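Just so we're on the same page: letters track the sequence lines, and every chain starts at 1. Note: hydrogens, waters and symmetry copies are ignored here, and every other heavy atom, side chains too, is used. The structure presented is a predicted model; accordingly, all values stated were derived computationally and were not measured.
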There are 2 protein chains.
Amino acid sequence: MPGDTRERIVAVARDLVHGASLSAVSIDDVCRAAGVHKGSLYHFFPSKDALGAAVLELNWAMMSTVLDEAFADDVAPLTRIDRFVDGFVRMLTLTRRQMDITPGCPLGNLTAELAARQGDIRARLVRILQAWTRYFADAISEARGRGEIEPTVDPNAAATRVLAHLQGLALLAKAHDDPDLVLSLKDDLPVLLSPAR
Amino acid sequence: MPGDTRERIVAVARDLVHGASLSAVSIDDVCRAAGVHKGSLYHFFPSKDALGAAVLELNWAMMSTVLDEAFADDVAPLTRIDRFVDGFVRMLTLTRRQMDITPGCPLGNLTAELAARQGDIRARLVRILQAWTRYFADAISEARGRGEIEPTVDPNAAATRVLAHLQGLALLAKAHDDPDLVLSLKDDLPVLLSPAR
DNA sequence: CCCTCACTTGACTGAACGGTCAAGCAGGGC
DNA sequence: GCCCTGCTTGACCGTTCAGTCAAGTGAGGG
């Protein structure tokens, strides 16, 4: 299978990083887990940072998949957000079963770890977070158009609120080792989508 | 000055860690910055993990100070939360000026980094987060008693909501390199403290 | 005056780290 | 049959890491 090695390396690296952190996972760890020699890895990636960037992209690709499924317009817009939360929690629960720890949001973790670095990587992180916010904003906007939430609500501000809330809950879930904590986002949604007073 | 060295080591370590992460800061870095030799550091701390634990305690002590000041009962309970947000953002802004990066929440960062480890450290993190939540819960409870928020609001659930929101905003602030993002918590507060619907 | 003990010094260790490289290998095109 | 090219191999390098240790130093107490 050509082109298989690179993908396997990134996939394995993502899993290891998701269960710990970028800095906690060494190149040797990745090679061992992927059944690949170091020179081979460095054939595809010029540096550990480059591998880290690839892991970030894979995480975003996986999150995009969950987002695209959840935000399909076969249900009401606010139901889509609920559906996404379910998918997100399912992701956490699955990793918890495999790794015996609650991993937190893969993108949130990388943001926390990499945002302090200067360079393109932070710009990319911001872009990803913005793209993520847009999923929420679009659904909120549509719900507002249908009269399901107050017309005075700013969809973008509300979407940022939802993302921040999700990230915070994911962090608490990681600390408490309980993915279900994130489920409370569904209860909090009506509150988060109500107008400021 | 007796007992000074240990404190200086922890203080310096905290600053370095706050600007990056525990794993990104080496024992040598700390020694260099504190003007101390390695054997001296290991006289006080049996391991890097022990130093990390001390850094966590110092961060909580500093946060406690900000919390105690903000939550003094010389103003209305909801005003205290606003005051805490101001203090928190001031903390971020100060570090940003010194380090040229927005550091995020010191406790949130450590939570993200250490929660995956098994052992006492996660238990301690959870306890700290609970103690933090209690500050919010007490103020919310008092505000409810004064009729400033709806009686159907559960102070503990609302407090957790506020903490999650704060952590999420701190993460976004770090990503966007803009401490002021956290200020929007003050606008979001009425929303977060309104009853579920 | 000297002993004790908390603290400091600075050189040291062994392992792990990210990264390099010359040599090989296999398959596809000429 | 040959070479080119994409990929693999496994040994190797220099650095940095957390952690150790034997030998000091100096102040306070008896």
Item to check | Residue pairs involving residues 87-101 of chain A (criterion side chain to side chain donor-acceptor pair (under 3.5 Å); sequence neighbours excluded) | outcome: A/R96-A/D177

Using distance only, find each side-chain donor-acceptor pair of residues 62-72 of chain A under 3.5 Å and give its atom names and separation, not counting sequence neighbours.
residue: A/S64; atom: OG; partner: A/W60; partner atom: O; Å: 2.8
residue: A/T65; atom: OG1; partner: A/A61; partner atom: O; Å: 3.0
residue: A/D68; atom: OD1; partner: A/Y135; partner atom: OH; Å: 2.7

Checklist entry - When the ring planes of A/F136 and A/F84 are compared, do they come out parallel, tilted or perpendicular, using 30° and 60° as the limits? => result perpendicular

Item to check | Single-linkage hydrophobic cluster A/W132~A/I121, side-chain heavy atoms < 4.5 angstrom | outcome: yes

Item to check | Any donor-acceptor N/O pair, A/K174 side chain to B/A116 backbone, under 3.5 Å | outcome: no

Item to check | side-chain N/O A/H43 vs D/dC7 OP1/OP2, d < 4.0 Å | outcome: yes

Item to check | B/D86 bridged to B/R83 by N-O distance under 4.0 Å | outcome: no

Next on the checklist: Suppose we screen for salt bridge (Lys or Arg N to Asp or Glu O under 4.0 Å). Which residues come up paired with A/R146, at least two apart in sequence or across chains?
Outcome noted: A/E148

Checklist entry - Given axes from five pairs at either end, by how many degrees does the helix from C/dC1-D/dG30 to C/dC30-D/dG1 bend, rounded to 10°? => result 10°

Checklist entry - Listed by chain and number, what are the salt bridge (Lys or Arg N to Asp or Glu O under 4.0 Å) partners of A/R127, not counting sequence neighbours? => result none

Next on the checklist: What does the B/S/- profile of nucleotides 14-28 of chain D look like, 5' to 3', with a 4.0 Å heavy-atom cutoff to protein?
Outcome noted: ---SBBBB-------

Next on the checklist: Could you tell me how far apart A/F45 (CZ) and C/dT20 (P) are, to the nearest whole angstrom?
Outcome noted: 15 Å

Item to check | Protein-nucleotide distance (A/L41, atom CG; D/dG6, atom C1'), rounded to Å | outcome: 16 Å

Checklist entry - Quick one: is A/H37 getting a side-chain N or O under 4.0 Å of the D/dT8 phosphate, OP1 or OP2? => result no

Next on the checklist: Counting only side-chain nitrogens and oxygens, does B/T5 get under 4.0 Å of the OP1 or OP2 atom of C/dC7?
Outcome noted: no

